[in-house]
Number of protein chains: 2
Amino acid sequence: MMQFRAPRLSDVAERAGVSIAVASVALRGGSRGTIRVGDKTAEKVRRVARRMQFRPNMAAQMLKGRKHDVIGVMIGAESTAANYGRLAAIEREAYGRGYRLMIGQFHNDAAHTAGYINDFLSRGIGALVCFHNPLMPSNPEVMDLLAQTRALVFQTVSLVQGACCVDVDRAAGVREAVTYLLGRGRRRVALALNAAPETDSLMEDRRRGYLAGVGDPDGERSRSLIWSGTGEFPPSREVLDGAVDALVVRGGADAIVASNDIWAVDLIKALRRRGLDVPGEVAVVGFDNLEAGALFDPSLTTIDQNNVDFARAAVDLLLATLDGKPLSRAERTRVVQPKLVVRESA
Amino acid sequence: MMQFRAPRLSDVAERAGVSIAVASVALRGGSRGTIRVGDKTAEKVRRVARRMQFRPNMAAQMLKGRKHDVIGVMIGAESTAANYGRLAAIEREAYGRGYRLMIGQFHNDAAHTAGYINDFLSRGIGALVCFHNPLMPSNPEVMDLLAQTRALVFQTVSLVQGACCVDVDRAAGVREAVTYLLGRGRRRVALALNAAPETDSLMEDRRRGYLAGVGDPDGERSRSLIWSGTGEFPPSREVLDGAVDALVVRGGADAIVASNDIWAVDLIKALRRRGLDVPGEVAVVGFDNLEAGALFDPSLTTIDQNNVDFARAAVDLLLATLDGKPLSRAERTRVVQPKLVVRESA
DNA sequence: CTGAAAGCGCTTACAG
DNA sequence: CTGAAAGCGCTTACAG
């Protein structure tokens, strides 16, 4: 905690008995411009720098045009553990490529959110990942600021013209779950959506994957096996009981794929209230693979969003854009394949 | 995504028809040094700056001695949702005080961890919060670097001479849980520790709170109601069954306070395996208040670590230290009061 | 290799 | 208020 003046490059140069220019070049290895530093000189400079605990002043390097190695991440202030899991994955990926993460939050107040993005831009942070809820109302000022970042990646859907986007193939995930359930001998696999697919594209993706899985492309046969709520989240007890009535009691389902893990867990409770055994009488599959999934009783079979691939794709897109690589419309979107995680509930 | 040259202060000054010095002062309000800017002039400069979307270059401001408004947070690479919840709380608190967060991770490799801290220091980030596992082996190089940060806050226990620390009053939390259980008519409240209190001070804290709660200061009467594991985490089925045998079957407990939520959930499963109803025959209380706590069946009564107060205390200490305020030994440690969250399991 | 110098974009005394 | 200048700590041409 001692207060001391940080050593400067000129201090190192002086002690090493070389010019500032040579010290600068020696510390970053190789040769720059017309300056070529011999091995023994370079080694000496580095030794002195180490002994003095020299750390280059990044503000000065920045001012001279050093490329910025910080990625900004904007996450919703109301974010749940699921988003932080994704954040951690991005940290790992960014770290591996020599990048740091600075986090910001979308606050309810657009002015505050704008303040954050302005702050990033002021720092010269040109790369931003937005954990932006696709259903969140978008403020024009915020959108304008986002459009000014050099590299921008959204999750699920891009909200800015020309920006990149990483999405999870929800349809494939649900399809995999359905196929798995049928392969395990379930005869009537149902789908519980927390909102109507007609108005919520994330739900429509699940419906599409479901219909592909049960081999009913036009959805004629599956009508009684697809239930959708009104978007209320988390669902009330009445809504859950209603879903169980519709799908299991009346629809005869012996398996349910839920919109997410919370729905899955709540459906399991509702099934038990009806005296139904999980997974004996009805299997349940979630979506998200929450960290707590393994702790539930029964532990949750679920679709993992594959944060590792998500992070890799997001950082790939960011760095490609920063490099100035021109990306086609198709290249700007990356789709990550989720993976079924089998536990006890199905 | 347009590539453009960011406007500089001199551009703003030129367009507004004032000197650079006046522009600089006008944008930051009031008057600095000998320069005093009139209201109408200041307003004009600000208007021009806004129209040009001027954003001061922070690297340049930094170089001129602007105080840094970034707090670094080091978290374990193996961090769970619990730590990220705390991180989010710190973000909120820091944001409210005009500070940003940059996150780094402790990696297994000490060299990598050192790289991160060096990076923070190089950026001039003098404030660091360390989510450092108190049982994690401490590398001398890492410790040395940590000691060089101007303001340093650890969780649970400080690992650096003179650094600050925010701790949660585990004893008070457990005591509150015990008191609550006794007040609800439980007669034999037990304590399940995942490691021996003799070797793990975090467990000893719980034991102390427990003994205070049951009014058995020297622990004579409670011997059969305290069980401790060998530190294995998460616990195996055999270990859990053993704990239930010891505390409930042989010890006659009708309530158990667990070391954390995961243990609590696993104990509930073990109790059920023995045919015991929770909370009917045995009540169970956790510790941590995991986000998923409300989803378990029965939902978990638990001790919340109070991240809001934790974050406030951590940022308080950081900013006080940055201000150069001399803190006494006592002032350097802040203890946060946890809160019992009552749900169904007890 | 050296040494002296320019310049990144600001802030801040300084003389008018 | 203005205008010119110094300087934060670097990097990088430039002339030897």
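Naming: A, B, ... by sequence-line order, numbering from 1 per chain. What you see is a predicted model; the values in this text were computed from it and never measured.
The cationic group of A:R100 does not satisfy the cation-pi geometry with B:F120, failing either the under 6.0 Å distance to the six-membered ring centre or the 45° limit from the ring axis. Because its NZ or CZ atom is both nearer than 6.0 Å to the ring centre of B:F310 and within 45° of the ring axis, B:R86 counts as a cation-pi partner of that residue.
When side chains are defined from C-beta on, B:E93 does not count as touching B:I90, because their heavy atoms never get closer than 4.5 Å.
Among residues two or more places apart in sequence or in another chain, the side chain to side chain donor-acceptor pair (under 3.5 Å) test is passed with A:E14 by none. By the salt bridge (Lys or Arg N to Asp or Glu O under 4.0 Å) test, A:D316 is found to be paired with A:R97, A:R334, residues two or more places apart in sequence or in another chain being considered.
Per the geometry, CE belonging to B:M52 stands 14 Å off C1' belonging to C:dG9, to the nearest Å. Separating the CE atom of B:M62 from the C1' atom of C:dC10 is a distance of 12 Å, rounded to the nearest angstrom. For the pair A:I20 CD1 and C:dA5 P, the computed distance is 12 Å after rounding to whole Å. Spacing between atom CG of B:L27 and atom P of C:dT12 amounts to 13 Å, rounded to whole angstrom units. Rounded to whole Å, atom P of C:dT12 lies 11 Å from atom CZ of B:R66.
OP1 or OP2 of C:dT11 sits under 4.0 Å from a side-chain N or O of B:R28. Contact check, A:S24 against D:dC10: no side-chain N or O comes under 4.0 Å of OP1 or OP2. Close to D:dT11, at under 4.0 Å from its OP1 or OP2, lies a side-chain N or O of A:Q61.
If you check the side chains of B:S24 and B:R28, you find a donor sitting under 3.5 Å from an acceptor. At a cut-off of 3.5 Å, with distance as the only test, a side-chain donor of A:Q148 or B:R55 sits close to an acceptor on the other residue.
Heavy-atom neighbours of B:R15 CZ from other residues, nucleotides or ligands within 6.0 Å: at or below the threshold of 12. In the displayed structure, B:D39 atom CG is contacted under 6.0 Å by at most 12 heavy atoms of other residues, nucleotides or ligands.
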With 3.5 Å as the limit, what N/O pairs link the protein to nucleotides 6-8 of chain C?
| unit_1 | atom_1 | unit_2 | atom_2 | d |
| --- | --- | --- | --- | --- |
| C:dG7 | N2 | A:K64 | NZ | 3.0 |
| C:dG7 | N3 | A:K64 | NZ | 3.3 |

Below 3.5 Å is the cut-off: list the nitrogen or oxygen pairs between protein and nucleotides 14-16 of chain C, distance only.
none

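Each of B:L9 and A:A42 has a nearest nucleotide on DNA chain C; the 5'-most of these lies closest to A:A42.
When each of D:dT11, D:dG3, C:dT2 is scored by its nearest atom to the side-chain atoms of B:S19, the top-ranked nucleotide is D:dG3.
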Is there a ring pair (Phe, Tyr, Trp, His ring centres under 6.0 Å) between B:F154 and B:F131? Walk through the geometry before answering. CA-CA 6 Å; B:F154 285 96; B:F131 285 4; over 10 Å; no
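Helical stems involving DNA chain C, defined as 3 or more consecutive Watson-Crick or G-U pairs under 3.5 Å, span C:1-3 with D:14-16, C:5-12 with D:5-12, C:14-16 with D:1-3.
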Using atom types as modelled, flag every donor-acceptor pair under 3.5 Å from a side chain in residues 67-74 of chain A to any protein atom, sequence neighbours excluded.
| unit_1 | atom_1 | unit_2 | atom_2 | d |
| --- | --- | --- | --- | --- |
| A:K67 | NZ | A:Y99 | OH | 3.0 |
| A:H68 | ND1 | A:V70 | N | 3.4 |
| A:H68 | NE2 | A:R123 | O | 2.9 |
| A:D69 | OD1 | B:R123 | NH2 | 2.6 |

